[in-house]
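Following: one structure in structure tokens, then a few remarks.
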Amino acid sequence: MYEKIQETASWLREKMPCKPTTAIVLGTGLGRLAEEIQVTLSIDYKEIPNFPVSTVEGHSGRLIVGKLGERDILAMQGRFHYYEGYSMKEVTFPIRVMYELGIKTLFVSNASGGTNPAFSIGDLMIITDHINLFPEHPLRGKNFPTGPRFPDMHEAYDRALIAQADAIAAEKGIKVQHGVYLGTQGPTFETPAEYHMFRVLGADAVGMSTVPEVIVAHHCGICVFGVSIITDLGVDGKIIEVSHEEVQKAANAVQPLMADIMREMINRN
Ligand code: HPA
């Protein structure tokens, strides 16, 4: 595994015209920010040695290097999900490669179902913490020397970055929520009883991604900032049928606001 990570990192390093220290992972319906990047290098995942290939509709699967404003940036347009059948090592492989490439700060985004009754569809939720309910842990197995065997998780989402996002949102008049993201394997959306259970467990939102990547990034000492777009509601009395298309549509509608916050953060960091 370690050799594969090195191999992929050196393959990319040779092609990269700059050495970004910031990376973004763009989730469902959130590719818009990538369109603002002045692209100097764009590679389909399928061309990258050892990279898994993304299969889900709405995830285009490209690694992009370029400038966002004044900053060099590495962007993953599309991610790998556990429900697609990848192992946790595969899901988090790109994050390990990012670490090898010198990434210090990671911005992640996703779509999720809101379980907090105060949330509405289209809300942006800054992720303050997470609950890992994936059936396999991404750090299971021989420990990587990037971090300790038993990593501390008391601040998986960097507080300084959260404070900065709050300040930017206030300046721009963008309403943001804060909350705990619960990661579960999917691919089913939740039954009403499951949404209820996740709420009782302490979740404000539930989704099928992000948690594995954040755990590995944190283990590598990468600072993480995460935003979740609330695309549907898993709140008693408000639960209606949900589809991937609707999730994408709702995410599309709010992504300019998310992009506004992330762009500004990236430029200030
Ligand atoms: N549940 C799980 N994942 C999701 C949801 C949801 O309600 N919405 C978007 N991704």
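The first residue of the sequence shown is numbered 1, and numbering continues consecutively from there. For ligands, and for the atoms within them, numbers begin at 1 and follow the listed sequence.
- Of all atoms in ligand 1, listed by their number and element, those nearer than 4.0 Å to a heavy atom of Y195 are 1 (N), 6 (C), 7 (O).
- Here the protein heavy atom with the shortest distance to atom 3 (N) of ligand 1 is G207 CA, 3.4 Å.
- The 12-atom threshold is not exceeded at CD of E70, counting heavy atoms of other residues, nucleotides or ligands nearer than 6.0 Å.
- Close contacts between ligand 1 and T231 involve ligand atoms 8 (N), 9 (C) [criterion: under 4.0 Å to a heavy atom].
- At a cut-off of 3.5 Å, with distance as the only test, a side-chain donor of T146 or R96 sits close to an acceptor on the other residue.
- Listed by atom number, the atoms of ligand 1 under 4.0 Å from S112 heavy atoms are 5 (C), 8 (N), 9 (C), 10 (N).
- The protein non-hydrogen atom at the shortest distance from atom 5 (C) of ligand 1 is G113 N, 3.4 Å.
- Here the two rings, on Y157 and H130, have centers that are under 6.0 Å apart.
- Counting the atoms of ligand 1 from 1 in the order shown, those under 4.0 Å from a heavy atom of E190 are 1 (N), 2 (C), 6 (C), 7 (O).
- A salt bridge links E264 with R268: the distance from a Lys NZ or Arg NE/NH1/NH2 to an Asp or Glu carboxylate oxygen falls below 4.0 Å.
- With 3.5 Å as the limit, one finds no donor-acceptor pair spanning the side chains of T128 and H178.
- Residue contacts with ligand 1 include V206, since one of its heavy atoms falls under 4.0 Å from the ligand.
- Between the side chains of D152 and H218, no donor-acceptor pair of N or O atoms lies under 3.5 Å.
- In this structure, the protein non-hydrogen atom closest to atom 8 (N) of ligand 1 is D232 OD1, 2.7 Å.
- Counting atoms of ligand 1 from 1 in the listed order, those under 4.0 Å from a heavy atom of A111 are 9 (C), 10 (N).
- Y45 and F80 have their aromatic ring centers within a separation under 6.0 angstrom.
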